[in-house]
Asker: 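Quick one: this structure, given as structure tokens, is what I'll be asking you about.
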Amino acid sequence: MSTARNELIVVTGASTGIGAATAKELAHRGFHVLAGVRREVDADALRGPGIEPCILDITAESDIVAIADRVADDPRHRPLRALVNNAGIAINAPVETLPMAQWRRQFDVNLFGQIAITQALLPALLNSAGTIVNVSSVGGKVVMPTYGAYAGSKFALEAVSDALRREVGALGVKVVVVEPGAVKTEIAERGIATSQELMNDMPADQLARYSEVLDAVMAQARSFNETGVSAEAAAMVIARAVTASRPRTRYTIGRDAAILLRVSRFLTDRGLDRVVRLNLKRFAAGGNQPLGVGGRA
Ligand SMILES: NC(=O)c1ccc[n+]([C@@H]2O[C@H](COP(=O)([O-])OP(=O)(O)OC[C@H]3O[C@@H](n4cnc5c(N)ncnc54)[C@H](OP(=O)(O)O)[C@@H]3O)[C@@H](O)[C@H]2O)c1
């Protein structure tokens with residue numbers, strides 16, 4: 001471990017994936033990481049030099065208050081160097097079929113939870129001229145069919161990040177958006193399980209309309225665990241954003257994200273429909289199905 005920096009960093013969603021890797025990378029760089037987890041068993045697995053697990057469900061007001069108190073009452077009066085808003089879930093289903101309670105849950109975790117913890121920790125970040133890193137997604141810029149809720153929450157997180165950056169930049173707080181493409185973590189299998197459950201509850205007419213595209217999206221999600229970059233590689237990008245004195249406003253993670261985001265800037269909506277559709281077609285049963293999504297090919 002490098003020399004202790006006597007600074008705190010809060011990382012949300014640190015039980016697995018990008019959050020766990022980020023907590024470890026930042027601890028390795030000498031920060032004291034308050035690592036948000038939801039279960040004691042995850043806390044026990046994560047605890048180590050420079051990592052202090054904290055029970056933190058970002059949708060629970062009492063947990064938000066507790067982490068703000070933990071930061072404010074740090075026994076060694078260490079400043080809060082950064083907040084990494086990483087916690088997230090993926091709920092994928094067609095707009096028509098996704099129950100409203102699931103829409104709300106998606107936004108509660110991926111957007112309102114991030115806002116709540118940002119509000120709670122902003123006083124400390126203003127004091128320390130700290131950095132907020134919001135983990136968005138390539139889905140915060142380009143939307144696949146069935147990703148309406150997930151991408152909607154990430155588009156909104158991108159917008160809120162832009163507003164916040166323009167509000168607190170002059171006050172010394174840096175706001176950074178990180179946009180990963182495919183990263184090998186738990187999120188793909190968790191998302192597939194959720195999609196599968198939602199499919200089980202769909203009436204026959206909806207299944208007839210959407211099962212083909214859902215199957216293709218799930219096959220594509222499965223492939224992310226082969227083609228994606230490692231959580232450790234993602235953590236290195238986040239650590240760079242945290243430690244830069246003048247970070248960029250946005251960082252992509254992975255070549256897939258960099259290429260897609262660059263290409264999408266030059267395409268019309270119809271052009272992007274076609275790219276998305278052709279890409280998904282590779283994952284449809286038989287590999288060459290018409291896939292009734294995204295307009296005509
Ligand atoms: N992996 C990718 O390909 C990819 C691509 C683009 C963007 N991202 C984004 O990267 C971030 C991290 O995802 P990941 O890939 O590392 O997935 P992951 O392994 O599934 O990790 C998600 C983390 O979020 C936590 N979480 C879920 N609901 C929470 C809540 N209400 N309060 C606090 N924590 C909560 C989970 O905790 P539990 O274990 O307790 O559920 C877990 O620690 C997410 O924002 C995701 O949208 C990932």
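Below, all heavy atoms of this structure are taken into account, side chains as well, without hydrogens, waters or symmetry copies. When a residue number appears, it is its place in the shown sequence, counting from 1. Note that ligands are numbered from 1 as they come in the structure, with each ligand's atoms numbered from 1 the same way.
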Asker: Run the numbers for me: atoms of ligand 1, each under 4.0 Å from some heavy atom of V135, listed by number.
Answerer: 9 (C), 10 (O), 11 (C), 45 (O)
Asker: On a heavy-atom basis, I'd like to know which of A182, G181, A35 is closest to atom 5 (C) of ligand 1.
Answerer: G181
Asker: How about M236: does its CE atom have over 12 heavy atoms from other parts shown lying under 6.0 Å from it?
Answerer: no
Asker: As a check for students: among T185, D63, V138, identify the option with a heavy atom nearest to atom 14 (P) of ligand 1.
Answerer: T185
Asker: Taking everything shown except K184 itself, do over 12 heavy atoms lie less than 6.0 Å from its NZ?
Answerer: yes
Asker: With a 4.0 Å cut-off on heavy atoms, does K154 reach ligand 1?
Answerer: yes
Asker: Test your reading of the structure: does V109 have an N or O sitting under 3.5 Å from an N or O of ligand 1?
Answerer: no
Asker: Run the contact test for A14 against ligand 1 with a 4.0 Å cut-off on heavy atoms, strictly below, and give the result.
Answerer: yes
Asker: Under 3.5 Å, is there a donor-acceptor pair between the side chain of S211 and the main chain of L207?
Answerer: yes
Asker: Does R39 have a heavy atom less than 4.0 Å from any atom of ligand 1?
Answerer: yes
Asker: Check each heavy atom of K184 against ligand 1 and say whether those closer than 4.0 Å belong to the side chain, the backbone, both or neither.
Answerer: neither
Asker: Under a 4.0 angstrom heavy-atom cut-off, which atoms of ligand 1 come close to E186?
Answerer: 19 (O), 20 (O)
Asker: So for atom CG, which belongs to D205, do other residues, nucleotides or ligands contribute more than 12 heavy atoms lying within a distance under 6.0 Å?
Answerer: yes
Asker: Taking the side chain from S153 and the backbone from Y150, do they hold a donor-acceptor pair closer than 3.5 Å?
Answerer: yes
Asker: Heavy atoms only, cut-off 4.0 Å: how does F224 contact ligand 1, side chain, backbone, both, or neither?
Answerer: neither
Asker: Give me the nearest non-hydrogen protein atom to atom 27 (C) of ligand 1 as residue plus atom name, then the distance to 0.1 Å.
Answerer: I89 CG2, 3.7 Å
Asker: Can you measure from CD (E7) to CZ (F31) and round to the nearest 0.5 angstrom?
Answerer: 5.5 Å
Asker: Can you tell me if N134 and S161 form a side-chain donor-acceptor pair at under 3.5 Å?
Answerer: yes
Asker: Short question: side chain of R81, backbone of T131 - any donor-acceptor pair under 3.5 Å?
Answerer: no
Asker: Select the closest option to atom 30 (C) of ligand 1 among N110, D57, T16, T22, judged by heavy-atom distance.
Answerer: D57
Asker: Quick test: of every protein heavy atom, which one is nearest to atom 20 (O) of ligand 1, and how far off is it to 0.1 Å?
Answerer: R190 NH1, 2.9 Å
Asker: Are any of the N/O atoms in D42 less than 3.5 Å from those in ligand 1?
Answerer: no
Asker: Starting from atom 24 (O) of ligand 1, locate the nearest protein heavy atom and write down its residue, its atom name and how far away it is, to 0.1 Å.
Answerer: G88 N, 3.3 Å
Asker: Should the proximity of A90 to ligand 1, defined as any heavy atom under 4.0 Å, be assigned to the side chain, the backbone, both, or neither?
Answerer: neither
Asker: Heavy-atom distance to atom 7 (C) of ligand 1: which of G139, S136, G113 wins?
Answerer: S136
Asker: Would one find an N or O of I18, backbone or side chain, under 3.5 Å from an N or O of ligand 1?
Answerer: yes
Asker: I want to check a possible cation-pi pair here: R248 against Y251, using under 6.0 Å from ring centre and within 45° of the ring axis as the test.
Answerer: yes
Asker: So, is S137 polar-close to ligand 1, with some N/O to N/O distance under 3.5 Å?
Answerer: no
Asker: Output, in order, the C-alpha distance, side-chain angles, deciding distance and verdict of side-chain hydrogen bond (donor to acceptor under 3.5 Å, both in side chains) for E158 and S136.
Answerer: CA-CA 7 Å; E158 298 257 352; S136 174; 2.7 Å; yes
Asker: Drop me the distance from M199's CE to I192's CD1, to the nearest 0.5 angstrom.
Answerer: 12.0 Å
Asker: Could you say whether the N/O atoms of G13 and ligand 1 ever approach to under 3.5 Å?
Answerer: yes
Asker: So is T12 touching ligand 1 or not, going by heavy atoms under 4.0 Å?
Answerer: no
